[in-house]
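Note that the structure is predicted; figures quoted are calculated from it, not measured.
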Amino acid sequence: MERIEQHASFGGRQEVWRHASRSTGCDMRLGVYLPPAALRGERCPVLYWLSGLTCTEQNFITKAGAQQHAAAHGLIVVAPDTSPRGEGVADDPAYDLGQGAGFYVNATQQPWAPHFRMEDYVAQELPALIEQHFPATDARGLFGHSMGGHGALTLALRHPGRWRSVSAFSPIVAPSQVPWGQKALAAYLGEDPAAWRAHDAVALIAGARERLPLLIDQGEADEFLPQLRPELLRAACDAAGHPLTLRLHPGYDHSYYFIASFMAEHVAHHARALRG
């Protein structure tokens, strides 16, 4: 672990770290916000943020405004990169495949399989790393935006018992049914649609082994609504009796202006579960 940035923020400290990942086989970067409680030596719950297409750890830590809310609730907030990167890591000229577009799955197809193992990284390696190196408890929450909202929902559903809370902004809820997801999942997992549905929140809801309440915020002026399909998640949750709060906001788009507007409520949602 090598710390490459640190900035005082709301009585705590925003840091950026780099480490060699065994999951992805390359160096990974992540933002870590330590609230004042953690700097005093108190062990704190951890909230993990998963970003969307093209993002790095920087988008969230500089635009979302999460630090002041994490400081108030005594939560560590961890924001990893969205994919493996670097020389020797497969890539694609398009923005929605390859570096910056890991989709939080373990790739099985070439040339992606050697490095694109973001599910293992987020669900297993990263929490172990954080709990080893920081004053963190094993109380974990997971949230994200767009592609990262897809990751938050599917990793929570696929790994029951790992997380105590989950939420998302503008998630891709049914990637097996929309072009973004179909392109990425076919590339990373092959052409069998059954493999895609194993990473599709709408498909996973019916068989969910735990009922973590889902908090979803979606802007009604979001230009990517045809890729997001929140109505499919509502229907799946209604059919399965899965607790869902889906809030639609007139005038809001897909940007971090939207995320920052409702960040306080998401952090509070997680704090209730993580510190309850």
- request: Show your working on side-chain contact (heavy atoms from CB on, under 4.5 Å) between Val16 and Glu57 and close with a plain yes or no.
  value: CA-CA 8 Å; Val16 177; Glu57 81 289 340; 4.0 Å; yes

How about [X] and [Y]: do any of their side-chain heavy atoms sit closer than 4.5 Å?
| X | Y | result |
| --- | --- | --- |
| Val166 | Pro213 | no |
| Leu50 | Leu155 | yes |
| Leu185 | Val105 | yes |
| Ile76 | Pro35 | yes |
| Leu39 | Arg13 | yes |
| Phe134 | Val32 | yes |
| His254 | Leu228 | yes |
| Trp196 | Glu191 | yes |

Check the surroundings of atom [atom1] in [X]: do more than 12 heavy atoms from other residues, nucleotides or ligands lie under 6.0 Å from it?
| X | atom1 | result |
| --- | --- | --- |
| Arg209 | CZ | no |
| Tyr257 | OH | no |
| Tyr252 | OH | no |

ILVMFWY cluster, Ile61 and Leu142 together (side-chain gap under 4.5 Å):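 No, Ile61 does not connect to Leu142 through the hydrophobic network.
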
Assign the ring pair [X] / [Y] to parallel, tilted or perpendicular, where the plane angle (0 to 90°) is split at 30° and 60°.
| X | Y | answer |
| --- | --- | --- |
| Trp163 | Tyr48 | perpendicular |
| Tyr256 | Trp49 | tilted |
| Phe169 | Phe143 | tilted |

Side chains of [Y] and [X]: any donor to acceptor distance under 3.5 Å?
| X | Y | value |
| --- | --- | --- |
| Ser167 | His270 | yes |
| His269 | Ser165 | no |
| Trp17 | Glu15 | yes |
| Gln14 | Gln6 | no |
| Gln67 | His69 | no |
| His159 | Glu119 | yes |
| Ser21 | Glu125 | yes |
| His249 | Asp217 | yes |

I'd like to know if the side chain of [X] reaches the main chain of [Y], judged simply by a donor and an acceptor atom lying under 3.5 Å from each other, with no hydrogens or angles considered.
| X | Y | result |
| --- | --- | --- |
| Arg43 | Ala136 | yes |
| Arg158 | Ala198 | yes |
| Arg18 | Asp27 | no |
| Ser83 | Gly100 | yes |
| Gln227 | Val178 | no |
| Glu220 | Gly251 | no |
| Gln99 | Val89 | yes |
| His19 | Leu129 | no |
| Asp200 | Ser176 | yes |
| Arg140 | Pro127 | no |

Salt-bridged, [X] to [Y], with N to O below 4.0 Å?
| X | Y | value |
| --- | --- | --- |
| Asp120 | Arg117 | yes |
| Glu42 | Arg275 | yes |
| Glu231 | Arg229 | yes |
| Asp238 | Arg234 | no |

task: Using the side-chain contact (heavy atoms from CB on, under 4.5 Å) rule, take Leu75 and Cys44 through it: C-alpha gap first, then chi angles, then the decisive distance, then the call.
output: CA-CA 6 Å; Leu75 302 181; Cys44 297; over 6 Å; no

Nearest heavy atoms of [X] and [Y], plus distance in Å:
| X | Y | answer |
| --- | --- | --- |
| Pro114 | Gln110 | CD-OE1, 3.7 Å |
| Tyr104 | Asp81 | OH-O, 4.5 Å |
| Pro84 | Cys26 | CB-SG, 3.5 Å |
| Phe60 | Ser51 | CB-OG, 4.1 Å |

- request: Kindly indicate, with the supporting measurements, whether the criterion ring-ring contact (aromatic ring centres under 6.0 Å, His included) is fulfilled by His145 and Phe262.
  value: CA-CA 12 Å; His145 171 235; Phe262 300 99; over 10 Å; no

message: Taking the ring of Trp180 and the ring of Phe103, is the distance between their centroids below 6.0 Å?
response: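 No; Trp180 has its ring centre 6.0 Å or more from that of Phe103.
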
- request: Take Ile216 and Leu153 through the test side-chain contact (heavy atoms from CB on, under 4.5 Å) and record every step on the way to the result.
  value: CA-CA 10 Å; Ile216 309 293; Leu153 296 175; 4.0 Å; yes

query: Got a second to check how far Leu126's CG is from Met118's CE, nearest 0.5 Å?
result: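 CE of Met118 is found 8.5 Å from CG of Leu126.
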
- request: Apply side-chain contact (heavy atoms from CB on, under 4.5 Å) to Gln58 and Arg29, showing your working.
  value: CA-CA 10 Å; Gln58 292 291 325; Arg29 290 167 55 115; 3.7 Å; yes

